[in-house]
Q: 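Sharing a structure below in structure tokens format, with a few things to ask.
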Amino acid sequence: MTSLFALCDCNNFYASCERVFDPSLNEKPVVVLSNNDGCVIARSNEAKALGIQMGDPFFQIRNLVEHKQVHAFSSNYVLYGDMSDRVMQTLSQFTPHVEIYSIDECFLDLGDFYDIDLFSYAWEIKRTVTRWTGIPVSLGVAPTKALAKVANKLAKKSAKANGVLVLTEPYHIQKALEATKVEDVWGIGGQYAKFLKKHNIHTALDFTNASENWVRKHMTVVGVRLLKELKGESCLELEEVAPAKKGICTSRSFGTKLTSLKDVKEATASYAAKCAKKLRSQKSCARLVTVFVQTNPFSEHDRQYYNSRTIAMPVATNSDIELIHYATLALKAIFKPNYYYKKSGVIVTEIIPENQIQFDLLDTVDRDKHSSLMKVMDKLTDRFGRSMVQVAAQGLNKNWLLKSDYKSPYYTTRVEEIPTVYIRI
DNA sequence: TCTGGGGTCCTAGGACCC
DNA sequence: TCTGGGGTCCTAGGACCC
């Protein structure tokens, strides 16, 4: 039995989302910035043509942005998440078996569709997504996921393909591998690309000619799987149900450098609350909480400091209040005065379903009370926005808030401006 | 002045056990 | 003088993804 996959990838996704709601941006250079308006994380084709690279710090291209009238946006993840849902919904019309691989990519299992005209079908998918959502997409179709990735990349690059490429004929597959640089292969990053080139492997085709043992020795079993996939043997299955997360992390750079424990504490408390909310939304609890802090690694004259601390909580939890409590303890253990802090983060691990908590005989926390309080808070924040209500430890001043100077409106989920209510426990 | 955030998997090596 | 060996668990680090 032969397998068949399509990879559908949204073109310049975040930039395209901004365009859907403001068509005057069509054919204009558009970039979307990372949190804190730090660097470029999405570019329209026109912005790419100006030489703007992925990851370029915004301040370094500010001149270009002004001269060439580049439209820059702060990232608006609520909007992008909503548009992503619409795209994925549309794709599910074409096969019951889809894997949402990332916010802007989806694998479709086309299983035994070999007897239909794949090219027409792929085009139909592409046209429908664009018509229903306004987002342009590219499709690659091939017998394995890794080859579908190759096909997708070429579909985007080649003017002739114009966004759709079907790779089922061995000759076409070979030509495609030959045209793909080894560093552009899914699963080969900078380190491996450098290593492979040193061994005279420059294209995906060169790579498929390497021996399995050699690949295993230098690239582990992950490399071997990739090798087989590129040779047409499917090793990576469709994952329709996303496996439960093993860790959840919330971390941010601060809007400015912070020196006081109070400010770092408030920021960290907010990240802890965000982790708790994520846990609740997937109906799980965590037993370990890790906090890290760091100074600005780009700053040459500042003294550098990084540290982290993990605390095992007596009972796994998803309560804002409890998580904030332990995260604050962890922070106090690693915080040192007289440093310029630029970033902190909270990571929760040892995640279990919330109905499988091991209770502690000496537990003093009223878990029912916490749980009903959290339910009320979630209802309020879901309806009125996340700043509607919060635990007081998250602070009032928000000196640490990140920059977001160029945000587009919440087109799909309008949130009214409502004053925050603070809960003190 | 200003440089993102959130994940995954695999391996080697040490600790520990019998 | 000779000083086992196999298994498991955990962690740190390194690679990758979007």
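So that the names make sense, note that chain A is the first sequence line, chain B the second, and so on, each numbered from 1.
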Q: Mind checking salt bridge (charged side-chain N to carboxylate O under 4.0 Å, His left out) for A/Asp109 and listing every partner two or more places apart, or none if nothing turns up?
A: none
Q: Rounded off to whole Å, could you give me the OH-to-C1' distance for the A/Tyr340 and B/dC2 pair?
A: 16 Å
Q: Between atom NE2 in A/His301 and atom P in B/dT3, what is the gap in whole Å?
A: 12 Å
Q: Under 3.5 Å for both distances, Watson-Crick or G-U wobble, that's the pair rule; now give the dot-bracket for DNA chain B, with | marking pairs to another strand and [ ] for crossing ones.
A: ....||||||||||||||
Q: Measure CD/A/Gln282 against P/B/dG6 and give the value in whole Å, please.
A: 14 Å
Q: Who passes side chain to side chain donor-acceptor pair (under 3.5 Å) against A/His202, sequence neighbours left out?
A: A/Asn200
Q: Toward the 5' end of DNA chain B, which comes first, A/Lys245 or A/Lys342, by nearest nucleotide?
A: A/Lys342
Q: Rounded to whole angstroms, how far apart are NZ on A/Lys274 and C1' on B/dG4?
A: 14 Å
Q: Could you tell me how far C/dC18 sits from B/dT3 if I compare only their P atoms? Round to whole Å.
A: 25 Å
Q: Looking at residues at least two apart in the chain, or sitting in another chain, which of them share a salt bridge (charged side-chain N to carboxylate O under 4.0 Å, His left out) with A/Asp302?
A: A/Lys257
Q: Ignoring the backbone of A/Lys257, work out which of B/dG5, B/dT3, B/dC2 is nearest its side chain.
A: B/dC2
Q: In whole angstrom, what separates A/Met54's CE from B/dG4's P?
A: 13 Å
Q: For B/dT3, does either OP1 or OP2 sit under 4.0 Å from a side-chain N or O belonging to A/Ser253?
A: no
Q: Looking for any heavy atom pair under 4.0 Å, which part of the strands does A/Thr250 touch: base, sugar-phosphate only, or nothing?
A: sugar-phosphate
Q: What do the steps show when you test A/Tyr192 against A/Phe207 for ring-ring contact (aromatic ring centres under 6.0 Å, His included), and what is the final call?
A: CA-CA 11 Å; A/Tyr192 282 145; A/Phe207 181 66; 9.1 Å; no
Q: Specify the separation, in whole Å, of atom CZ of A/Arg252 and atom C1' of B/dC2.
A: 18 Å
Q: Using a 4.0 Å heavy-atom cut-off, does A/Gly247 contact any base of the nucleic acid, only the sugar-phosphate backbone, or nothing at all?
A: sugar-phosphate
Q: Encode nucleotides 8-18 of chain C as B, S and - characters from 5' to 3', where the letter depends on protein heavy atoms closer than 4.0 Å: B to the base, S only to sugar-phosphate, - to neither.
A: -------SSSS
Q: I would like to know whether A/Phe335 and A/Tyr341 meet ring-ring contact (aromatic ring centres under 6.0 Å, His included); could you show each step before the answer?
A: CA-CA 10 Å; A/Phe335 184 91; A/Tyr341 291 94; 4.9 Å; yes
Q: Taking the nucleotide of DNA chain B with the closest heavy atom to each, which residue, A/Asn35 or A/Gly255, is nearer the 5' end?
A: A/Gly255
Q: List the steps, then state whether salt bridge (charged side-chain N to carboxylate O under 4.0 Å, His left out) holds for A/Glu105 with A/Lys149.
A: CA-CA 10 Å; A/Glu105 280 180 56; A/Lys149 274 272 189 186; 2.6 Å; yes
Q: Please work out which residues in residues 209-242 of chain A have a non-hydrogen atom less than 4.0 Å from an atom of DNA chain B and list them by number.
A: A/Thr220, A/Val221, A/Val222, A/Arg225
Q: Test salt bridge (charged side-chain N to carboxylate O under 4.0 Å, His left out) on A/Glu183 and A/Lys197 and set out the steps.
A: CA-CA 9 Å; A/Glu183 64 265 35; A/Lys197 283 182 186 170; 3.3 Å; yes
Q: Answer with base, sugar-phosphate or nothing: what part of the nucleic acid does A/Phe298 contact at a heavy-atom distance below 4.0 Å?
A: base
Q: Do you know which of A/Leu177, A/Val182, A/Leu230 makes side-chain contact (heavy atoms from CB on, under 4.5 Å) with A/Leu205?
A: A/Leu177
Q: Carefully, step by step, assess A/Glu66 and A/Arg62 under the rule salt bridge (charged side-chain N to carboxylate O under 4.0 Å, His left out).
A: CA-CA 6 Å; A/Glu66 275 163 26; A/Arg62 196 160 263 164; 5.3 Å; no
Q: Does A/Arg216 pair with A/Glu212 as a salt bridge, N-O distance under 4.0 Å?
A: yes
Q: Grab the NZ-P distance between A/Lys277 and B/dG6 for me, whole Å please.
A: 16 Å
Q: Sub-3.5 Å donor-acceptor pair from the side chain of A/Glu18 to the main-chain atoms of A/Phe73, do we have one?
A: no
Q: Give the rounded distance in Å between these two atoms: CZ of A/Phe59 and C1' of B/dT3.
A: 6 Å
